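Nothing here was measured: the structure is a model prediction, and the numbers come from that model. Chain letters run A, B, ... following the sequence lines, proteins first, then strands; residues in each count from 1.
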Amino acid sequence: MADTTIPKPIPINLVVNGEKRALELLPWTTLLDALRDRLELTGTKKGCDHGQCGACTVLVDGRRVNSCLTLAVMKDGAEITTIEGLAKDGTLHPLQQAFIDHDAFQCGYCTPGQICSAAGLLAEGRAKDADEIRELMSGNLCRCGGYPNIVAAIEQAMSRS
Amino acid sequence: MNNFDYSRASDVADAIRLLTADPGAKLIAGGTNLIDLMKENVERPSRLIDISRLPLRDIEETAGGGLRIGALVPNSDLAYHPVIEQRYPLLASAILAGASAQLRNMASVGGNLMQRTRCAYFYDTTTPCNKRSPGAGCSAIDGLNRNHAILGASESCIATNPSDMSVALAALGALVHVAGPSGQRTIALADFHRLPGDEPHVDTDIGSGEIITAIEIPPQAFARNYSYLKIRDRLSYAFALVSVAAALELEGNAITEARLALGGVAHKPWRSLEAEAALRGKAATPDHFGHAADLLLQGATARSHNGFKIELARRAIVRTLMQAASATPQSQAHKKIA
């Protein structure tokens with residue numbers, strides 16, 4: 001039964017930022033912990049670890065999700081994009097550049113999640129104005145209160161995409 | 001989180017077999033609520049049965065003119081499905097009022113129906129809770145109960161159901177299709193969630209070994225005169241203090257059909273057939289809406305901190321019915337309440 005015998009690690013394959021990665025994981029390993037502790041991709045942040053702050057947001061098969069509430073074994077075969085995978089050939093992703101242009105962070109801890117979430121938002125194509133950006137970014141908290149600049153940065157990236 | 005075994009179900013029959021073989025097993029699809037509860041040690045399954053790859057993602061027309069929605073359709077896909085947006089905008093609106101974009105991408109329709117209360121005492125394993133440990137007592141009744149139920153509660157439990165989607169489904173008269181060891185059956189959404197009574201640990205009518213396969217919504221869609229208004233402590237990404245789903249059929253200013261359901265106030269979406277009947281044949285006026293609100297809120301009981309919800313609910317019901325009658329539904333992005 002659980003707690004007395006430890007299940008065996010389960011082999012899974014992920015494509016992380018375009019690279020194939022084979023892992024053996026215990027079933028309770030979250031995607032967040034697999035990325036940070038096994039693949040050493042520490043750009044994705046553990047904030048609340050309960051799906052309330054959005055700092056752990058990554059793209060799974062192109063859709064933004066909370067990696068802290070995702071079991072890695074359930075995503076066998078999936079394509080994962082983290083903040084480390086957004087820049088291409090040394091050029092920042094338009095959202096990364098826009099966050100710099102608009103000074104859209106203070107401490108920066110929420111920023112990888114904000115940018116991955118905004119990348120998901122742009123791909124969804126549902127936000128048309130600042131109110132809609134605010135609503136569809138409400139799953140990403142910024143305790144420094146950088147929201148006006150975050151919205152401005154996303155508006156810039158949206159207008160150029 | 002406790003250690004657990006993991007199985008991937010190959011089909012619905014396999015999921016039922018795995019579930020029946022291990023009484024401590026739980027199904028997992030989106031996992032947004034279950035993983036969170038496991039991190040708090042509120043849920044400690046011996047095995048997780050991964051159903052996320054089962055082919056339950058179709059949205060199909062039914063012979064009767066309604067829609068059958070597979071249990072694994074993600075909440076966001078349902079809200080943004082063209083048929084839902086055009087024919088069932090009340091459902092789309094309610095789904096978009098809930099959670100965050102990330103969680104809606106993950107959460108399944110079936111999981112949304114199965115999500116558990118967000119009562120803080122249910123989550124806090126250091127406090128007594130009848131829902132978590134039957135017979136332990138309820139910490140909310142004499143505790144911080146500002147968010148708790150005003151309708152249908154018991155002396156065992158005053159928790160509320162947190163779903164927005166279910167409130168719209170209740171108003172639309174949805175059905176829940178389940179499969180289990182003894183075959184398939186259909187449960188009216190109105191009967192799917194239970195009142196707490198003296199068994200608050202039982203949230204739903206789902207039996208052991210049963211799995212939700214689909215929900216079905218009838219053809220009557222109320223696409224013109226509807227609104228979903230959610231009142232909460234911040235403008236987005238918070239559970240409802242009170243929410244209202246209102247749907248009307250009008251001939252001129254006369255109401256020919258009315259549906260009303262409340263969220264955030266009870267252990268299940270709260271409807272009153274009497275309140276809805278009282279609106280039929282009446283003019284769409286604030287006075288008639290106020291009377292319906294009084295009927296819907298009959299028996300509302302205040303606890304030490306949540307008395308404000310009764311008047312809040314009354315005003316929200318009238319406001320939502322006015323929005324529905326004037327075909328100006330509440331926007332879930334532009335927050336000004338018309």
K.L.:
Just how far is it from atom CZ of Arg47(B) to atom OG of Ser7(B), taken to the nearest 0.5 Å?
P.N.:
3.5 Å
K.L.:
Which one wins on heavy-atom pair count under 4.5 Å against chain A: Asp77(B), Leu96(B), Leu235(B)?
P.N.:
Asp77(B)
K.L.:
Side chain, backbone, both or neither: which part of Lys75(A) has a heavy atom under 4.5 Å from chain B?
P.N.:
backbone
K.L.:
Report, in residue-number order, which members of residues 40-66 of chain A are under 4.5 Å from chain B by heavy-atom distance.
P.N.:
Asp49(A), His50(A), Gly51(A), Gln52(A), Gly54(A), Thr57(A), Arg63(A), Arg64(A), Val65(A), Asn66(A)
K.L.:
Are any non-hydrogen side-chain atoms of Thr320(B) and Gln330(B) less than 4.5 angstrom apart?
P.N.:
no
K.L.:
State, yes or no, whether a side-chain contact exists between Thr204(B) and Leu113(B) at a heavy-atom distance under 4.5 Å.
P.N.:
no
K.L.:
Output every pair passing salt bridge (charged side-chain N to carboxylate O under 4.0 Å, His left out) with a member in residues 81-108 of chain B, not counting sequence neighbours, ordered by first then second residue.
P.N.:
Arg126(A)-Glu85(B), Glu61(B)-Arg87(B)
K.L.:
Just list the side-chain donor-acceptor pairs under 3.5 Å for residues 18-31 of chain A, sequence neighbours left out, or say none.
P.N.:
unit_1: Thr29(A); atom_1: OG1; unit_2: Leu26(A); atom_2: O; d: 2.8
unit_1: Thr30(A); atom_1: OG1; unit_2: Asp33(A); atom_2: N; d: 3.1
unit_1: Thr30(A); atom_1: OG1; unit_2: Asp33(A); atom_2: OD2; d: 3.4

K.L.:
Going from CG on Leu95(A) to CD1 on Ile115(A), what distance comes out if it is rounded to the nearest 0.5 angstrom?
P.N.:
6.5 Å
K.L.:
Taking every non-hydrogen pair under 4.5 Å, which of Lys8(A), Met137(A), Glu135(A) racks up the most with chain B?
P.N.:
Glu135(A)
K.L.:
Does any part of the side chain of Asp233(B), heavy atoms only, come nearer than 4.5 Å to the side chain of Phe239(B), both counted from C-beta?
P.N.:
no
K.L.:
Could you check whether atom CZ of Arg116(B) has more than 12 heavy atoms from other residues, nucleotides or ligands sitting under 6.0 Å from it?
P.N.:
yes
K.L.:
What residue in Thr70(A), Val73(A), Leu121(A), Leu69(A) has the most heavy-atom pairs under 4.5 Å with chain B?
P.N.:
Leu69(A)
K.L.:
Check whether Ala29(B) gets within reach of chain A through its side chain, its backbone, both or neither, counting any heavy atom under 4.5 Å.
P.N.:
backbone
K.L.:
Specify which of Arg53(B), Glu40(B), Met1(B), Arg234(B) makes the most heavy-atom pairs with chain A at under 4.5 Å.
P.N.:
Arg53(B)
K.L.:
Tell me, for Ser76(B) versus chain A, whether the close heavy atoms (under 4.5 Å) come from the side chain, the backbone, both or neither.
P.N.:
side chain
K.L.:
Just to verify, what does Asp129(A) make a side chain to side chain contact (heavy atoms under 4.5 Å, CB included) with, not counting sequence neighbours?
P.N.:
Asp131(A), Glu132(A), His334(B)
K.L.:
Give a yes or no on this: more than 12 heavy atoms of other residues, nucleotides or ligands lie within 6.0 Å of atom NZ of Lys26(B).
P.N.:
no
K.L.:
In terms of heavy-atom pairs under 4.5 Å, which option from Leu141(A), Asn140(A), Asp76(A) contacts chain B the most?
P.N.:
Asp76(A)
